[in-house]
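Before any comments, here is the structure.
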Number of protein chains: 2
Amino acid sequence: MSDARTAPEPGDFDLQKVLEALVDPVRRSILAQLDAAGEDLRCGLVDIPVSKSTATHHFKVLREAGLIRQYYVGTARMSGLRRAEVEEAFPGLLDIVIPRHATVP
Amino acid sequence: MSDARTAPEPGDFDLQKVLEALVDPVRRSILAQLDAAGEDLRCGLVDIPVSKSTATHHFKVLREAGLIRQYYVGTARMSGLRRAEVEEAFPGLLDIVIPRHATVP
DNA sequence: CCATAAGTACGATCGCTGTCAAACTACGAA
DNA sequence: TTCGTAGTTTGACAGCGATCGTACTTATGG
């Protein structure tokens with residue numbers, strides 16, 4: 001289920017998995033960056049202080065929780081926030097969990 | 001800080017601590033039961049499948065995250081959901097995280 | 001005053017998860 | 001074809017957190 005190349009099926013969110021995904025600050029940072037970008041990003045363009053393999057792990061957790069979608073473009077792995085789907089399943093959650101107004105001067 | 005007998009200071013919620021508190025199903029169950037009760041409960045009246053010492057631990061985590069208040073009445077330790085404060089800090093979060101339509105037996 | 005009840009504190013255990021390095025695969029360019 | 005880039009897989013390891021039993025504290029009731 002939820003193969004590396006497929007986006008997760010919409011609608012079947014598991015609250016437990018979602019919370020487990022959100023509890024890690026690195027993963028919330030990924031979500032925040034995807035959100036701020038406004039478009040899908042290559043993994044490599046997301047700035048997180050961990051190794052490549054750890055990054056792969058975090059993206060996998062987010063994908064399996066249904067929070068992001070992923071697909072390949074050549075050798076690049078694109079990731080995008082599933083904002084609408086998440087918002088529908090858990091209204092308000094993203095606003096709580098993602099630091100958006102953090103206008104760092 | 002946040003002594004065993006005092007309720008946590010209002011307003012200073014730490015998102016990380018809140019999420020860590022919410023990620024455990026036992027703790028979400030506690031919140032759900034406090035919410036359903038509509039009034040403060042003795043620890044002993046909250047039904048969770050763990051030992052007394054583990055229960056104490058869970059209540060402590062919830063209190064330090066600011067999600068519940070606790071105080072003594074004789075030897076009984078009363079706990080109550082800080083619904084208003086949590087709702088103000090994280091609008092919608094409790095509705096997402098607490099199974100309310102689930103008629104918990 | 002003593003016994004019981006309600007929680008707390010303290011170690012100890014144990015599984016899970018975040019982490020990394022190294023080896024591997026897949027694609028694109030030269 | 002060969003090389004380099006992008007990401008995955010696979011093990012291994014370390015630390016954290018959920019759990020428990022036992023001992024302790026404190027208040028209520030007889």
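Reminder, nothing fancy here: chain letters follow the sequence lines and each chain counts from 1.
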Among dT9(D), dT19(D), dC10(C), the nucleotide that comes nearest once only the side chain of Val50(B) is considered:
dT19(D)
Over how many whole Å does the gap from Glu64(B) atom CD to dT8(C) atom C1' extend?
13 Å
Lys60(A) NZ to dT8(D) P, in whole Å, measures 10 Å
Distance check: side-chain N/O of Thr54(A) vs OP1/OP2 of dT19(C), anything under 4.0 Å?
no
Regarding His58(A), tell me which of base, sugar-phosphate or nothing describes its non-hydrogen contacts under 4.0 Å with the strands shown.
sugar-phosphate
Which of these nucleotides, dC20(D), dG18(C), dT19(C), is closest to any side-chain atom of Val26(A)?
dT19(C)
Under 3.5 Å: donor-acceptor pair, side chain of Gln33(B), backbone of Asp47(B)
yes
Distance check needed: dT8(D) P versus Met78(A) CE, whole Å only.
13 Å
Is it the case that the side chains of Ser51(B) and Thr54(B) hold a donor-acceptor pair, with the cut-off being a distance below 3.5 Å and no angle test?
yes
Once you round it to whole Å, what is the distance between P of dC16(D) and CD of Gln16(B)?
14 Å
Of Val73(A) and His57(A), the one whose nearest nucleotide on DNA chain C sits closer to the 5' end is His57(A)
Whole-Å gap separating C1' (dT5(D)) and CZ (Arg42(A))
9 Å
Expressed in angstrom and rounded to an integer, what is the separation of Leu41(B) atom CG from dG7(C) atom C1'?
16 Å
What pairs with Asp14(B) under salt bridge (charged side-chain N to carboxylate O under 4.0 Å, His left out), at least two apart in sequence or on another chain?
none
Among dA21(C), dA6(D), dT19(C), which is the nearest nucleotide to the side chain of Ser53(A)?
dA21(C)
Nucleotide nearest Tyr72(A) when distance is taken to its side chain, options dT8(C), dA18(D), dT8(D)
dT8(D)
If the condition is ring-ring contact (aromatic ring centres under 6.0 Å, His included), which residues does Phe90(A) pass it with, not counting sequence neighbours?
Phe13(A)
Give the rounded distance in Å between these two atoms: CG of Leu45(A) and C1' of dT5(D).
13 Å
Ranking dT19(D), dA6(D), dG18(C) by distance to the side chain of Lys52(A), first place goes to dA6(D)
Kindly point out which of dA6(D), dT10(D), dA6(C) is positioned nearest to the side chain of Thr75(A)?
dA6(D)
So which one's nearest nucleotide on DNA chain C is more toward 5', Gly74(A) or Glu20(A)?
Glu20(A)
Shortest non-hydrogen separation from Arg82(A) to Gly66(A) and the atoms involved
NH1-O, 2.8 Å
To the nearest Å, give me how far apart CZ (Arg63(A)) and P (dG7(D)) are.
13 Å
